[in-house]
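Working notes for the structure below.
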Amino acid sequence: MLKIFNTQTKKLEEFVPLNDNIVTMYVCGVTVYDYCHVGHARSAICFDMIYRYLLYKGYDVKFVKNFTDIDDKIINKANEENKPFDEISEKYIKEFYTDMEAIGIKKPTFEPKATMHIKDIIDFISKLIEKGYAYEVDGDVYYSVSKFEAYGKLSHKKIEELKAGARIDINENKKDPLDFVLWKKSKPNEPSWDSPWGKGRPGWHIECSVMSMYYLGETIDIHGGGEDLIFPHHENEIAQSEALSDKQFVRYWIHNGFIKINNEKMSKSLGNFFTIRDVLKKFNGETLRYYMLLTHYRNPIDFSYNGLLAAKEALNRYYTFLMRLDNTKFGDEAFRIDSIETLIFNFENAMDNDFNTPQAIAEVFNCIKDFNLYLDTCQKNNLTPSLQLKKTFLNSMSKIAQVLGVFDKSYKEWYNLENNQWIEEKIKQRNKAKREKNYALADSIRNELLNAGIILEDYKDKTIWKKIK
RNA sequence: GGCGGCAUAGCCAAGUGGCUAAGGCACGGGUCUGCAAAACCCAGAUCCCCGGUUCGAAUCCGGGUGCCGCCUCCA
């Protein structure tokens, strides 16, 4: 039974979709005006993992992730570079896909752009005005927060306290400082669309309400995003959507924790951020993904080079083990190892507990330890290890890999091993030297390979090699 | 100022009332090896502090200290 921590109730709740087997899920995507940083990667990986696990559980998941492709930051960038705004957004959508592919993100069902739904946005806003939740002032349309009684129910804020805070920007058009913009009048030379209120463009929050309803209906099961979106973005989405439909907007709110740098929030304004491609210069996508999954999705990650290094070493351990399995002869004898037989069960248990990926990963390494020990024992006593055990392990691993999006390569891919005839030849020469007890020659061959980035491992009846990672 | 979160070995990180506190990385000792590598074994934790509840607490409650986040755009 899957349990999910719901931001709104602050409790672990049993997950039961609204319509038996169908799960509707919406995740706030990125504003496309720059390369993605590792914070975007974390959010993407988190919800990708959730998406994959729901699919694994047999749900028919309809998953929407949007692109915000019209916004002040995009317009600013367009002005700086003297290009049309959509050239900027299209460029960074393309770059986005490059990054997402590198970290193993599965494509959502729908990936709409805000600009594809201008007409729907205008309709939505018109209805809010009709229902008395929004008002127009001089070409801008605002949402009237005080009209929506439940405002603050997600972020657990009280309207009075928000008003007391002096940090809300004063806009003389607004009737109330808490009101937020639904439709923004455009300045000359800015991108704009015709509307009943004149030329303008949508505010930020409205697109998610509109697209969520358009693709998934009035009430959806899961809505997610980074924890900084809780307020005001998701609070405002609730206000917009529920005012229109008079129905519950979202049943389970899920928010991922932040990336920190030296214990401070990573943000563009502080300038302490790494882009995904910065990281990919040093580590591969699987390592970055594994590193993210090593921490529970709601906890912060203090992002570090050392952490990535440890992640890489852990994956080395996994793939070295696969290499060992592949180079070991197995036979029909039966043998039981508890942790291996219960691996998939333990994995599901961990994942059912609010997607506890660190625990899920620990279960995998538990098995590897037990299996290695067993193989050591077999080797020592000249026994043939059980093929059935290997099959059980690999079957479970293929399911786990499919959900986590790591552990999903062959060791040959991971270590980048091609058919290198010359390496095999060198190994033969070295083994011959070893048999002749010419250790000086044997060592010099091994060093030669080491200099070429090749590490040898001697087993009882064969020598295997891998590339340094 | 208001609201919220976190504090577990050198580092990362699960566990949230009960057998010896998972797992990974690093370091040290050992086994194996011609030497290595890989693997395994051993060593290593006052579970931030002080009280309380309980037969029993890292886990629940109260207080304290420290760090962080949100309240403005932000994954």
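Each chain gets a letter, A, B and so on, in the order its sequence line appears, and its residues count up from 1.
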Spacing between A:L373 atom CG and B:rC42 atom C1', to the nearest angstrom:
14 Å

Separation of A:H37 atom NE2 from B:rA75 atom C1', in whole Å?
5 Å

Can a salt bridge be assigned to the pair A:D48 and A:R52 using a cut-off of 4.0 Å between side-chain N and carboxylate O?
yes

Identify whether any heavy atom of A:K312 sits under 4.0 Å from a base atom; if not, whether one sits that close to sugar-phosphate; answer base, sugar-phosphate or nothing.
nothing

Could you please name the option among B:rC25, B:rA75, B:rG23 that lies closest to any side-chain atom of A:A310?
B:rC25

A:L270 CG to B:rA75 P, straight-line distance once rounded to whole Å
14 Å

Pairwise C1' distance, B:rA26 and B:rG15 [rounded to whole Å]:
23 Å

Please determine, by modelled atom types, if A:E13 and A:T9 share a side-chain donor-acceptor pair under 3.5 angstrom.
yes

Between A:E95 and A:K91, is there a salt bridge with N-O shorter than 4.0 Å?
yes

Separation between the P atoms of B:rG17 and B:rC11, rounded to whole Å
27 Å

In whole Å, measure the gap between the P atoms of B:rG2 and B:rG63 for me.
15 Å

OP1 or OP2 of B:rA75 less than 4.0 angstrom from a side-chain nitrogen or oxygen of A:N256, does that happen here?
no

Just by distance, with hydrogens left out, do A:K466 and A:T320 show a side-chain donor and acceptor under 3.5 Å apart?
yes

For nucleotides 30-37 of chain B, give me every protein contact, N/O to N/O, under 3.5 Å, one pair per line with atom names.
from: B:rG34; atom 1: N1; to: A:D443; atom 2: OD1; distance (Å): 3.0
from: B:rG34; atom 1: N2; to: A:D443; atom 2: OD1; distance (Å): 3.4
from: B:rG34; atom 1: N2; to: A:D443; atom 2: OD2; distance (Å): 2.8
from: B:rC35; atom 1: O2; to: A:R446; atom 2: NH2; distance (Å): 2.6
from: B:rC35; atom 1: N3; to: A:R446; atom 2: NH1; distance (Å): 3.0
from: B:rC35; atom 1: N3; to: A:R446; atom 2: NH2; distance (Å): 3.4
from: B:rA36; atom 1: N1; to: A:D458; atom 2: N; distance (Å): 3.3
from: B:rA36; atom 1: N1; to: A:D458; atom 2: OD2; distance (Å): 3.4
from: B:rA36; atom 1: N3; to: A:R446; atom 2: NH1; distance (Å): 2.9
from: B:rA37; atom 1: N1; to: A:D458; atom 2: O; distance (Å): 3.2

Can you check the distance between B:rA39 and B:rC27, where both ends of the measurement are the P atom (answer in whole Å)?
13 Å

Please confirm whether A:K265 makes a cation-pi placement over A:F258, using NZ or CZ under 6.0 Å from the six-membered ring centre and within 45° of the ring normal.
yes

Distance to the ring centre below 6.0 angstrom and angle to the axis at most 45 degrees; does that hold for A:K268 and A:F273?
yes

Can you work out whether A:V30 or A:F321 has the more 5'-proximal nearest nucleotide on RNA chain B?
A:F321

So if I take every side-chain heavy atom of A:R317 and compare against B:rA22, B:rC25, B:rA75, which nucleotide ends up nearest?
B:rC25

Do A:S339 and A:D370 meet the criterion of a side-chain donor-acceptor pair at a distance under 3.5 Å?
yes

Quick one: do A:R201 and A:D72 make a salt bridge, cutoff under 4.0 Å?
yes

Mind checking A:G29 for me? I need base, sugar-phosphate or nothing, with any heavy atom below 4.0 Å counting as a touch.
sugar-phosphate

Identify whether any heavy atom of A:K265 sits under 4.0 Å from a base atom; if not, whether one sits that close to sugar-phosphate; answer base, sugar-phosphate or nothing.
base

Nucleotide nearest A:E313 when distance is taken to its side chain, options B:rA39, B:rA26, B:rG4
B:rA26

Complementary nucleotide for B:rG56 - Watson-Crick or wobble, under 3.5 Å:
none

Salt bridge flag under 4.0 Å for residues A:K428 and A:E424
no

Give the rounded distance in Å between these two atoms: CG of A:L293 and C1' of B:rG24.
14 Å

Between B:rG24, B:rA22, B:rA75, which nucleotide has the shortest distance from any of its atoms to the side chain of A:N366?
B:rA22

Mapping A:L309 and A:D370 onto RNA chain B by nearest heavy atom, which one lands closer to the 5' end?
A:L309

Exercise: do A:R298 and A:N256 side chains pair donor with acceptor under 3.5 Å
no

Taking B:rA7 as the reference, what is the distance to B:rC12 when you measure between their C1' atoms (whole Å, please)?
15 Å

Between B:rC70 (C1') and A:E264 (CD): distance, integer Å
15 Å

Separation of A:L343 atom CG from B:rA22 atom P, in whole Å?
19 Å

Distance between P atoms of B:rC60 and B:rG23 (Å, rounded)
23 Å

Can you tell me, in whole Å, how much space there is between the C1' of B:rC67 and that of B:rA22?
26 Å

What's the closest nucleotide to the A:K157 side chain, out of B:rA75, B:rC70, B:rG24?
B:rC70

Watson-Crick or G-U wobble partner of B:rA39, both distances under 3.5 Å
B:rU31

Report yes or no: is the cationic atom of A:K157 (NZ for Lys, CZ for Arg) under 6.0 Å from the centre of the six-membered ring of A:F231, at an angle within 45° of the ring normal?
yes

Can you tell me the pairing partner of B:rA7 across any strand shown, Watson-Crick or G-U wobble, with both distances under 3.5 angstrom?
B:rU65

Give each protein N/O atom lying under 3.5 Å from an N/O atom of nucleotides 12-17 of chain B, with the pair distance.
from: B:rA14; atom 1: OP1; to: A:H296; atom 2: N; distance (Å): 2.8
from: B:rA14; atom 1: OP1; to: A:N299; atom 2: ND2; distance (Å): 2.9
from: B:rA14; atom 1: O3'; to: A:N356; atom 2: ND2; distance (Å): 2.9
from: B:rA14; atom 1: O2'; to: A:Q359; atom 2: OE1; distance (Å): 3.4
from: B:rG15; atom 1: OP1; to: A:N356; atom 2: ND2; distance (Å): 2.8

Could you please name the partner base of B:rC47, counting Watson-Crick and G-U wobble pairs only when both distances are under 3.5 Å?
none

Integer-rounded Å distance: B:rC73 P and A:Y33 OH
13 Å

Under 4.0 Å, heavy atoms only, any strand: does A:M266 hit a base, just the sugar-phosphate, or nothing?
base

Donor-acceptor side-chain pairing of A:N236 and A:Y151 below 3.5 angstrom:
yes

Determine the contact category for A:G226: base if any of its heavy atoms lies under 4.0 Å from a base atom, sugar-phosphate if only primed atoms, P, OP1 or OP2 are that close, otherwise nothing.
sugar-phosphate

Nearest to the side chain of A:N263, heavy atoms from C-beta on, is which of B:rC71, B:rA38, B:rC68?
B:rC68

Atom CD of A:E333 with >12 non-hydrogen neighbours under 6.0 angstrom
yes

Pairwise C1' distance for B:rG10 and B:rG5, with rounding to whole Å
26 Å

Using atom CD of A:E363 as one end and atom P of B:rG24 as the other, report the distance to the nearest whole Å.
12 Å

Closest to the side chain of A:T320, out of B:rC73, B:rA38, B:rC70, is B:rA38

